[in-house]
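Remarks on the structure that follows.
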Amino acid sequence: VQLQASGGGLVQAGGSLRLSCAASGRSFSLYAMGWFRQAPGKEREFVSSISRSGGSTTYADGVKGRFTISRDNAKNTVYLQMNSLKPEDTAVYYCAANPFISSSSPQYAYWGQGTQVTVSS
């Protein structure tokens, strides 16, 4: 499966962005999807994941209540709605696909190219 992330940009603290990740190739609904991020000089970290049906979601503690993951299997797309953004949310955001919902990046076999999110103070 090929993944293409988009929707990043520059936003002021307190603002919102919605990231999208479009999938092509093998059946999108066979994969759980995850969002990860990597800030300069830091390791890649888990942000959120969603099950194949969309019925189960998980979030990192630092984004709970601010970010919402969703998916539209008819459009082969997963979304990450990010509200109340903080400067510490600045990072390259990656989407990834895995047969099962997981917060562990090594378990994800397929990755998108990343989209930059910059939050100014």
Side-chain angles (χ1 to χ4, degrees):
V1 62
Q2 291 80 45
L3 304 173
Q4 179 77 31
S6 62
L10 174 64
V11 64
Q12 289 187 333
S16 299
L17 283 174
R18 188 177 80 155
L19 305 183
S20 299
C21 176
S24 60
R26 297 180 66 183
S27 180
F28 178 69
S29 63
L30 293 179
Y31 294 93
M33 298 297 295
W35 285 98
F36 295 80
R37 66 187 182 186
Q38 187 166 20
K42 295 187 177 181
E43 294 186 353
R44 187 173 297 183
E45 65 175 3
F46 170 74
V47 176
S48 182
S49 61
I50 188 167
S51 62
R52 287 172 286 185
S53 68
S56 179
T57 58
T58 60
Y59 296 92
D61 287 343
V63 307
K64 282 180 182 177
R66 300 189 297 121
F67 291 10
T68 303
I69 191 171
S70 62
R71 68 188 294 161
D72 185 338
N73 285 347
K75 295 183 178 181
N76 289 355
T77 302
V78 62
Y79 305 97
L80 185 68
Q81 178 66 45
M82 305 186 295
N83 299 328
S84 302
L85 283 162
K86 304 175 181 179
E88 52 263 44
D89 294 318
T90 295
V92 177
Y93 283 70
Y94 299 89
C95 58
N98 185 57
F100 304 101
I101 191 170
S102 173
S103 61
S104 174
S105 60
Q107 294 186 357
Y108 284 79
Y110 304 99
W111 291 82
Q113 86 289 359
T115 185
Q116 176 71 48
V117 171
T118 303
V119 184
S120 63
S121 57

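- In terms of modelled atom types and a separation under 3.5 Å, the side chain of Y59 and the main chain of I69 share a donor-acceptor contact.
- When side chains are defined from C-beta on, M33 counts as touching L3, because their heavy atoms get closer than 4.5 Å.
- A distance of 11.5 Å separates CG in D72 from OG in S29, rounded to the nearest 0.5 Å.
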- Message: With side chain to side chain contact (heavy atoms under 4.5 Å, CB included) as the criterion, how do V63 and R37 come out once you've worked through the C-alpha distance, each side chain's angles and the decisive distance to 0.1 Å?
- Response: CA-CA 12 Å; V63 307; R37 66 187 182 186; 4.0 Å; yes
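- Counting only heavy atoms from C-beta outward, the side chains of V1 and L30 never approach each other to under 4.5 Å.
- Taken from CD in Q12 to OG in S121, the straight-line distance is 9.5 Å, to the nearest 0.5 Å.
- Hydrophobic clustering places W35 together with I50 (ILVMFWY residues linked when any side-chain heavy atoms are closer than 4.5 Å, directly or through intermediates).
- Taking each heavy atom of Y108 and W111 in turn, the nearest pair found is O-NE1, 3.0 Å.
- Looking at S102 and S104, their side chains never bring a donor and an acceptor atom within 3.5 Å of each other.
- Of the charged side-chain nitrogens involved, at least one lies within less than 4.0 Å of a carboxylate oxygen, so that D61 and K64 count as a salt-bridged pair.
- A single hydrophobic cluster is not seen to contain both L80 and F46; linkage of ILVMFWY side chains at heavy-atom distances under 4.5 Å, directly or through other members, places them apart.
- Of all heavy-atom pairs spanning K42 and Q38, the tightest one is O-NE2, 3.1 Å.
- Side-chain atoms of L85 and F67, non-hydrogen and from C-beta on, do get closer than 4.5 Å to each other.
- By the rule that hydrophobic residues join a cluster once side-chain heavy atoms approach within less than 4.5 Å of another member, V92 and L17 end up as members of separate clusters.
- Within the cation-pi definition used here (under 6.0 Å to the ring centroid, within 45° of the axis), R44 does not qualify as a partner of F36.
- Between the side chains of S20 and S6, no donor N or O sits under 3.5 Å from an acceptor N or O.
- A donor-acceptor pair under 3.5 Å is absent between the side-chain atoms of N98 and the main chain of S103, judged by distance alone.
- Nearest heavy-atom pair across R52 and N73 is O-ND2, 3.1 Å.
- The CE atom of M82 sits 11.5 Å away from atom CZ of R18, with the distance rounded to the nearest 0.5 Å.
- Of all non-hydrogen atoms in S48 and T58, the two that sit nearest each other are OG-O, 2.9 Å.
- Judged purely by atom type and a 3.5 angstrom limit, T90 uses its side chain to pair as donor or acceptor with the backbone of V119.
- At least one donor-acceptor pair closer than 3.5 Å links the side chain of Q113 to the backbone N or O of A5.
- A donor-acceptor distance shorter than 3.5 angstrom exists from the side chain of R71 to the backbone of F28, with no hydrogens or angles considered.
- S49 and I101 make their closest contact through OG-CG1, 3.2 Å (heavy atoms, listed as atom of the first residue, atom of the second, distance).
- V47 and Y94 are members of different hydrophobic clusters when ILVMFWY side chains are connected at heavy-atom separations under 4.5 Å.
- Here the side chain of S84 pairs no donor or acceptor atom with the backbone of G14 at under 3.5 angstrom.
- Taking each heavy atom of S16 and N83 in turn, the nearest pair found is OG-OD1, 2.9 Å.
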